[in-house]
Amino acid sequence: MDNPGNVTLDQGLKDFDRIHYYKGYLTQLKKVIDEGAHVVGYFAWSLLDNFEWLSGYTSRFGIVYVDYTNLKRYPKMSAYWFKHLLHQHQH
């Protein structure tokens, strides 16, 4: 799901693989809930890009891109996908 390396902001924001992963995972989660599994919550790991012991700052798996030079944060496409998903299922 992650492509470790020094990616540009534009590249980092376009996280189609992450959206595909979450969509498939949550589809299966919904399926087992419908079959009777007791699930009380779910959260995406991780909210922000951060330091990883194995990869340092080159692995970006958060749904928010962090510019490490100034710490400015940019929601990735997956963050907007989650927002849309949550708004769809509010009612």
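Note that the coordinates shown come from a computational prediction; the quantities given were computed from them, not determined experimentally.
Note: the hydrophobic cluster containing V66 also contains W53 (ILVMFWY, side chain heavy atoms under 4.5 Å, direct or indirect links). Placement of L54 and Y57 in two distinct hydrophobic clusters is found when ILVMFWY residues are connected by side-chain heavy-atom separations under 4.5 Å, directly or transitively. L86 and Y80 fall into different hydrophobic clusters, where Ile, Leu, Val, Met, Phe, Trp and Tyr residues are linked whenever their side-chain heavy atoms come under 4.5 Å apart, directly or through other members.
With sequence neighbours excluded, the residues that form a side chain to side chain donor-acceptor pair (under 3.5 Å) with Q11 are T8. Residues that satisfy the salt bridge (Lys or Arg N to Asp or Glu O under 4.0 Å) test with D15, not counting sequence neighbours, are R18. Listed by chain and number, the residues in a side chain to side chain donor-acceptor pair (under 3.5 Å) with K83 amount to none (sequence neighbours excluded).
Taking CG of L85 as the start and CD1 of I19 as the end, the distance is 11.5 Å to the nearest 0.5 Å. Remark: F61 CZ to K76 NZ distance equals 9.0 Å, nearest 0.5 Å. From R73, atom CZ reaches atom CG of D67 across 11.5 Å, with rounding to the nearest 0.5 Å. Considering CH2 of W81 and CG of L26, their distance stands at 5.0 Å, rounded to 0.5 Å. Note that CE of M77 and CD1 of I63 are 13.5 Å apart. Values are rounded to the nearest 0.5 Å. Rounding to the nearest 0.5 Å gives a distance of 10.5 Å between NZ of K30 and CD of E35.
More than 12 heavy atoms of other residues, nucleotides or ligands sit less than 6.0 Å from atom CG of L9. Summarising the local packing, OH of Y68 is surrounded by more than 12 heavy atoms from other residues, nucleotides or ligands at distances under 6.0 Å. Counted within 6.0 Å of OH on Y74, heavy atoms from surrounding residues, nucleotides or ligands total more than 12; the atom is thus considered enclosed.
Note on ring orientation: taking the six-membered ring where Trp is involved, the planes of Y22 and F82 are perpendicular (angle over 60°, cut-offs 30° and 60°).
Inter-residue side-chain proximity for V64 and D49 is flagged as unmet; no heavy-atom pair is nearer than 4.5 Å.
The minimum heavy-atom distance between T58 and S55, with the atom names listed, is OG1-O, 2.7 Å.
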